[in-house]
2 protein chains.
Amino acid sequence: MNLTVFVVDDDDAIRSSLSRALRKRGYEVEAFASAEAFLGAWNGQSGGCLILDHGMPGMSGLELQKRLAGQDYLLPIIFITGHGGVPESVQAIKAGAVDFLEKPFRQAVLVERIETALGIASERLAAREGCQKTRARFDRLTAREAEIVDHMVENPSGTSSKEVGARLGISPRTVDHHRARIMEKLGIRSVAELIALAGRPGGQG
Amino acid sequence: MNLTVFVVDDDDAIRSSLSRALRKRGYEVEAFASAEAFLGAWNGQSGGCLILDHGMPGMSGLELQKRLAGQDYLLPIIFITGHGGVPESVQAIKAGAVDFLEKPFRQAVLVERIETALGIASERLAAREGCQKTRARFDRLTAREAEIVDHMVENPSGTSSKEVGARLGISPRTVDHHRARIMEKLGIRSVAELIALAGRPGGQG
DNA sequence: CCCGCCATAGGCAGATCTGCCTAGGCAACC
DNA sequence: GGTTGCCTAGGCAGATCTGCCTATGGCGGG
């Protein structure tokens with residue numbers, strides 16, 4: 001897995017020195033002068049971490065964080081700040097940032113935090129991969145099949161063909177037929193496994 | 001639900017003025033001069049929130065936080081600090097604190113944070129109550145019954161009496177018998193419901 | 001127009017579940 | 001010694017699941 005360190009800071013000096021220092025240490029680095037520039041270039045997929053200046057003209061670091069949190073955010077965020085203090089750090093961490101450093105900071109400290117952040121990034125990528133595999137299987141279900149799955153997941157006490165059929169207004173026999181297809185498509189063998197799969201999407205890969 | 005505001009601070013002046021001010025606003029308040037004193041008096045059950053000085057002689061606020069996190073911690077923690085800065089606040093929030101205020105702070109701000117914290121406390125209490133009800137039902141299962149439940153939960157693809165019986169080295173018929181008791185004791189009607197219950201302990205009350 | 005996919009539905013046989021019955025062995029408690 | 005609770009196990013009947021077959025009708029692509 002290729003992990004990239006994204007640097008977003010409006011301060012040219014910091015951005016370039018940080019980029020150089022990190023590249024020298026072997027990191028893949030992409031740097032942007034503003035949150036807007038990052039969003040424009042960001043494909044929403046690449047794994048890595050984000051080193052984000054807190055106080056920037058235009059979109060602030062916190063706003064960018066919110067924007068990314070709206071999507072499924074895979075990038076652990078390390079804030080760096082010149083002026084921010086405790087309230088800002090509290091807000092950032094509560095919003096999901098993994099770290100918050102005050103300028104000036106030692107590069108060794110930042111590198112250590114980056115290592116932690118990249119570790120978290122790997123976990124998130126792995127978790128997402130698990131989710132996607134499961135979701136991909138669920139996506140192969142037809143509309144009716146998905147409806148039956150939903151009904152069973154939301155109402156696990158009544159999973160018999162009789163009850164599901166009554167709820168959907170179709171014959172129990174037809175529910176049997178759909179269920180067999182569901183089991184086949186999802187590669188499972190029992191309704192219990194279906195419930196388990198739906199409950200913990202990352203589950204069994 | 002009676003919610004209490006616990007104040008732990010070694011500074012007598014702050015402790016007493018804070019207690020008085022909060023009591024005047026209608027809060028139930030208990031104040032302690034040290035983390036140790038709090039732990040000695042704390043029953044591990046009462047709901048409320050904890051206003052905790054970060055830097056105290058003896059056990060520090062962070063240590064107390066760790067100690068409480070080891071148990072199921074129901075008390076949202078608001079740190080207050082005289083000397084701590086960004087790194088301390090980051091550590092505290094990452095460890096689960098709901099807020100971090102620097103002294104001096106306005107009482108109005110603290111009160112607002114307390115309200116938020118007490119709201120969180122209510123949610124935690126409600127969640128715990130849900131969990132406990134479910135757990136109480138599970139606790140009524142005998143050892144063998146629990147074993148069968150575990151096997152089904154961990155291995156939802158093979159929940160048939162035949163397979164469980166083979167795994168446990170007993171007759172499928174006996175598994176049937178145990179399972180009937182399990183269903184009766186847990187008040188459920190299908191293995192699917194059992195899986196759902198085990199997967200989301202707070203689930204259906 | 002035919003083919004493939006989907007939803008519907010039934011038959012049938014064998015497997016499994018469910019509820020209700022009995023029953024022996026064992027350990028704990030009164 | 002009796003009672004109670006648990007684990008074991010079987011019988012039996014009715015319900016349900018499962019896999020395999022057929023079949024009809026709708027809908028869209030080639």
Side-chain angles (χ1 to χ4, degrees), chain A residues 133-200 203-204, chain B residues 133-200 203-204:
Chain A
K133 278 186 187 173
T134 303
R135 190 160 308 163
R137 289 198 235 156
F138 274 96
D139 285 345
R140 290 171 49 205
L141 300 179
T142 67
R144 201 52 151 169
E145 286 160 1
E147 197 177 354
I148 290 174
V149 167
D150 285 348
H151 184 270
M152 287 182 169
V153 169
E154 286 166 23
N155 195 357
S157 60
T159 56
S160 73
S161 297
K162 205 186 194 180
E163 291 175 79
V164 176
R167 191 77 55 135
L168 298 183
I170 57 180
S171 153
R173 200 62 194 75
T174 303
V175 177
D176 283 342
H177 183 261
H178 286 312
R179 205 175 34 182
R181 292 256 80 74
I182 292 167
M183 298 298 182
E184 188 192 342
K185 285 183 181 175
L186 297 185
I188 57 181
R189 288 170 48 212
S190 68
V191 177
E193 204 172 352
L194 172 63
I195 303 293
L197 205 58
R200 297 172 277 284
Q204 357 258 50
Chain B
K133 278 186 186 172
T134 304
R135 191 161 307 163
R137 289 198 234 157
F138 275 95
D139 285 345
R140 291 171 49 205
L141 300 179
T142 67
R144 200 52 151 169
E145 285 160 3
E147 198 177 353
I148 291 174
V149 168
D150 285 348
H151 184 271
M152 287 181 170
V153 170
E154 286 167 22
N155 195 356
S157 60
T159 56
S160 73
S161 298
K162 204 185 195 180
E163 289 176 80
V164 176
R167 190 79 53 135
L168 298 182
I170 57 180
S171 154
R173 200 63 193 75
T174 303
V175 177
D176 282 344
H177 183 260
H178 286 311
R179 205 175 35 181
R181 293 256 79 75
I182 291 167
M183 299 297 184
E184 188 191 342
K185 285 182 181 175
L186 297 185
I188 58 181
R189 288 169 50 211
S190 68
V191 177
E193 203 172 353
L194 171 63
I195 302 294
L197 205 57
R200 298 173 277 283
Q204 358 256 47

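Here the structure is a predicted model, which means the values were calculated and not measured. Chain identifiers are assigned alphabetically (A, B, ...) following the order of the sequence lines, protein sequences preceding nucleic acid strands; residue numbering begins at 1 within each chain.
Across dC17(C), dA9(C), dT8(D), the shortest atom-to-atom separation from the side chain of His177(A) is found for dA9(C). Counting only heavy atoms from C-beta on, Ser171(B) has its side chain closest to dG10(D) among dC7(D), dA7(C), dG10(D).
Residue-to-nucleotide proximity on DNA chain C shows that, of Met183(B) and Pro172(A), the 5′-proximal contact is made by Pro172(A). Both Lys185(B) and Val191(A) lie close to DNA chain D; mapped to their nearest nucleotides by heavy-atom distance, the more 5′-ward contact belongs to Lys185(B).
For Lys162(A), no side-chain nitrogen or oxygen approaches OP1 or OP2 of dA15(D) to under 4.0 Å. Phosphate proximity of dT8(C) to Arg144(A): present, with a side-chain N or O under 4.0 Å from OP1 or OP2. Distances shorter than 4.0 Å separate none of the side-chain N or O atoms of Arg173(B) from OP1 or OP2 on dG11(D). Within the structure, every side-chain polar atom (N or O) of Thr142(B) is placed at least 4.0 Å from both OP1 and OP2 of dG5(D). Side-chain nitrogen and oxygen atoms of Ser160(B) include none within less than 4.0 Å of the OP1 or OP2 phosphate oxygen of dA15(C). A close approach under 4.0 Å does occur between a side-chain nitrogen or oxygen of His178(B) and OP1 or OP2 of dT8(D).
Listed for the Glu193(B) side chain is a donor-acceptor partner under 3.5 Å among the backbone atoms of Arg189(B).
A donor-acceptor pair shorter than 3.5 Å cannot be found between the side chains of Asp176(B) and Thr174(B).
Straight-line distance from the CZ atom of Arg189(A) to the C1' atom of dC17(D): 14 Å, rounded to whole Å. Counting to the nearest Å, the C1' atom of dT8(C) and the CZ atom of Arg179(A) are 16 Å from each other. Between Glu163(B) atom CD and dT16(C) atom P there is a gap of 9 Å when expressed in whole angstrom units. In this entry the distance linking CD of Glu193(B) with P of dC17(C) reads 17 Å, nearest Å. Taking atom CG on Leu168(B) and atom C1' on dC6(D), their separation rounds to 15 Å, with Å as the unit. In this entry the distance linking CD of Glu145(A) with C1' of dT8(C) reads 13 Å, nearest Å. Protein atom CD1 of Ile170(B) is 11 Å distant from nucleotide atom P of dG10(D), rounded to whole Å. For the pair Asp176(A) CG and dT8(C) P, the computed distance is 13 Å after rounding to whole Å.
Thr174(A) comes within contact range of at least one nucleobase, with a heavy-atom separation under 4.0 Å.
Partner of Ser161(A) under the side-chain contact (heavy atoms from CB on, under 4.5 Å) criterion, out of His177(A), Arg179(A), His178(A): Arg179(A) alone. Just one of Lys185(A), Arg181(A), Arg140(A) meets the side-chain hydrogen bond (donor to acceptor under 3.5 Å, both in side chains) condition when paired with Glu145(A); it is Lys185(A).
When side chains are defined from C-beta on, Asn155(A) counts as touching Arg167(A), because their heavy atoms get closer than 4.5 Å.
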